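As structure tokens, the structure follows; a few thoughts come after it.
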Amino acid sequence: VAGNTTNATDSGGNAAFDVWYSYTTTILEDVTVSLCGSGYDTAIRVYSDCPGVTEVLFNDDFCGLQSEGTFTADGSGGAATYYIMVEGFGTTTGVFSLNITCAPNVPAPPNDLCSNAIALTLDVPASGTTAGATDDSTGNVDDTTCDSFQFHSDVWYTFVAADTDVSIVTTITGASDQANVAVYSSIDCSQLDVDSIACSDGNGGESIDLTGLTPAATYYVRVWSDGVVPATRAEGTFDIVVNNALLGTESFDVNGFEYFPNPVNDNLTLRSLSNIQNVAVYNMLGQEVMKLTPNTVNAEVDMRSLSQGSYFVKVTINDATDTIRIIKK
């Protein structure tokens, strides 16, 4: 559908002029609304009522300055109508192209909402998915501080801090290229930006070190992807672990120990002034995938047979053991 907001009026949302469309369904399906290819800086909102009060989707920038997002349209209990507002960012107006596509509904994960967050056990990896996940936020007011204005296929976790420091690591295991992470100190699911204590959107697996936590306090963790192409919610699987300590990223101070390269393609080189007694490599599920007993000051760990992703490498020197995180490319 081609349209133009230049001579419209403003009925809410941003201060820009807007126009409206409706979409009615009699089944349960995932509906993607797209303004990609439009001629100006757009924004799009979808409501389940008219006038628009209950917002089910908002997106500002998805494909450049244009907008796109996916929502669940549920007409399984009878005809359901959704109302689509096309507007601009700020006060911008112009010519747009609105495209709507539909796909079978992907059921939401059990921890799709913050109120249904899954509790994680420290140091125990867990598997998750963003496939079918919705965006548990409205606009950018309670969005993520590092990735606002986007549609987030997000799922939720909690953990209880045992000490003041933790390290949170996510690793991609499926088709998606994102498992971004935000952490909140909220005692509930308010999700306000003021509660955000960490946010990382490197568009891959993430690693966040948190310090200064309150022991015995509960923290909320949001894992999300902002859409693969096309922008459906068939995102992908990932692993997540909250480690009860910070993970070393360069070296630990034992007998001049060092390692390189990181990330690694083929061989990981370990060096120390004293013999390296043991080396054990673990995947994100906590499974041991390799073990060596070099008993030399120089050791090579052949990682060519391992899949891409993050690994923990436990190194023992003079009976002292520490863990480093390695990225296998």
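Values below: every heavy atom of this structure, side chains too, minus hydrogens, waters and symmetry copies. This structure is a prediction, so every number in the text was calculated from the model and none was measured.
Of the possible polar contacts, none joining the N275 side chain to the Q277 backbone as a donor-acceptor pair under 3.5 Å is found. N111 contributes no side-chain N or O that, together with a main-chain N or O of V155, makes up a donor-acceptor pair within less than 3.5 Å. A donor-acceptor contact shorter than 3.5 Å links the side chain of S38 to the backbone of S97. In this structure, the side chain of D49 engages the main chain of T54 through a donor-acceptor pair within 3.5 Å. Proximity of a side-chain donor or acceptor of E29 to a complementary backbone N or O of D74 within less than 3.5 Å is not detected. A donor-acceptor pair under 3.5 Å is absent between the side-chain atoms of Q178 and the main chain of W224, judged by distance alone. A donor-acceptor pair under 3.5 Å is formed between the side chain of T92 and the backbone N or O of D41. Looking only at distances, no side-chain donor or acceptor of T144 sits under 3.5 Å from a matching main-chain atom of A182. A donor-acceptor pair under 3.5 Å is absent between the side-chain atoms of T269 and the main chain of E300, judged by distance alone. Here the side chain of E87 pairs no donor or acceptor atom with the backbone of V19 at under 3.5 angstrom.
With values rounded to the nearest 0.5 angstrom, L292 atom CG is found 9.0 Å from N278 atom CG. Separation of atoms CG (L65) and OG1 (T42) is listed at 8.0 Å; rounding is to 0.5 Å. With rounding to the nearest 0.5 Å, the separation of CG in N244 from OG1 in T164 is 9.0 Å. Once rounded to the nearest 0.5 Å, the distance linking CG of D18 with OG1 of T9 reads 6.5 Å. The OG1 atom of T237 sits 8.0 Å away from atom CD1 of I172, with the distance rounded to the nearest 0.5 Å. Atom CG of D123 sits about 5.5 Å away from atom CG of N243, to the nearest 0.5 Å.
Residues F238 and T173 share a closest heavy-atom pair of N-OG1, 3.3 Å. When all heavy atoms are compared, the tightest approach of E206 to D201 is OE2-C, 3.9 Å. Taking all atoms of both residues into account, the shortest heavy-atom contact from S196 to T145 is OG-OG1, 3.6 Å. Nearest heavy-atom pair across Y157 and L120 is CD2-CD2, 3.6 Å. Closest of all the heavy-atom pairs between S22 and T81 is CB-CG2, 3.9 Å. Closest of all the heavy-atom pairs between I276 and V279 is CG2-CG2, 3.7 Å.
Looking only at side-chain heavy atoms (C-beta outward), V313 and V315 come within less than 4.5 Å of each other. Between M303 and I326 there is a side-chain heavy-atom pair separated by less than 4.5 Å. By the 4.5 Å heavy-atom criterion applied to side chains, S67 and F62 are not counted as neighbours. Counting heavy atoms from C-beta on, the side chains of Y40 and T5 come closer than 4.5 Å. Under the 4.5 Å side-chain criterion, counting only non-hydrogen atoms from C-beta, I317 is in contact with F257. By the 4.5 Å heavy-atom criterion applied to side chains, R271 and Y259 are not counted as neighbours. Side-chain contact between V33 and F71: present, with at least one pair of heavy atoms (C-beta onward) separated by less than 4.5 Å. Contact check for T91 versus N14: no side-chain heavy atoms found under the 4.5 Å cut-off.
There is no path of hydrophobic side-chain contacts, each under 4.5 Å, that joins I197 to V160. One hydrophobic cluster holds both L98 and L57 under the rule that ILVMFWY side chains link at heavy-atom gaps under 4.5 Å. No continuous path of ILVMFWY side-chain contacts below 4.5 Å connects V86 to F17, so the two sit in separate hydrophobic clusters. Both I324 and V289 are assigned to one and the same hydrophobic cluster, defined by single-linkage of ILVMFWY side chains at heavy-atom distances under 4.5 Å. One hydrophobic cluster holds both L213 and V181 under the rule that ILVMFWY side chains link at heavy-atom gaps under 4.5 Å.
Between D154 and R222 there is a salt bridge, with a side-chain nitrogen of the basic residue lying less than 4.0 Å from a carboxylate oxygen of the acidic one.
Annotation: N7, atom CG; neighbour count of heavy atoms from other residues, nucleotides and ligands within 6.0 Å does not exceed 12.
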Dump the intermediate steps for side chain to side chain contact (heavy atoms under 4.5 Å, CB included) on V124 and V241, then the final yes or no.
CA-CA 6 Å; V124 178; V241 62; over 6 Å; no
What verdict does the side chain to side chain contact (heavy atoms under 4.5 Å, CB included) test give for V221 and Y184, after you've listed the backbone C-alpha separation in whole Å, the side-chain angles of each residue and the deciding distance to 0.1 Å?
CA-CA 6 Å; V221 180; Y184 302 86; over 6 Å; no
Show, in sequence, the C-alpha distance, side-chain angles and deciding distance for L210 and D165, and conclude whether the side chain to side chain contact (heavy atoms under 4.5 Å, CB included) test is met.
CA-CA 6 Å; L210 297 175; D165 302 336; over 6 Å; no
Pair T171, D239 - check side-chain hydrogen bond (donor to acceptor under 3.5 Å, both in side chains), show working.
CA-CA 5 Å; T171 305; D239 291 333; 5.9 Å; no
For D195 and S185: C-alpha separation, side-chain torsions, deciding distance, then whether side-chain hydrogen bond (donor to acceptor under 3.5 Å, both in side chains) applies.
CA-CA 5 Å; D195 297 322; S185 60; 4.6 Å; no
Does the side chain to side chain contact (heavy atoms under 4.5 Å, CB included) test come out yes or no for S11 and M85, once each step is laid out?
CA-CA 9 Å; S11 56; M85 174 198 281; 4.1 Å; yes
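Considering N59, D30, T32 as possible partners of T70, the one that fulfils the side chain to side chain donor-acceptor pair (under 3.5 Å) test is T32.
Aromatic rings from Y23 and Y82 are positioned such that their centres are separated by 6.0 Å or more. For Y47 and W20, the distance between ring centers is under 6.0 angstrom.
A side-chain N or O of D112 and one of T134 form a donor-acceptor pair less than 3.5 Å apart.
Taking the centre and axis of the six-membered ring of Y282, the NZ or CZ atom of K314 falls inside the cone set by 45° and 6.0 Å.
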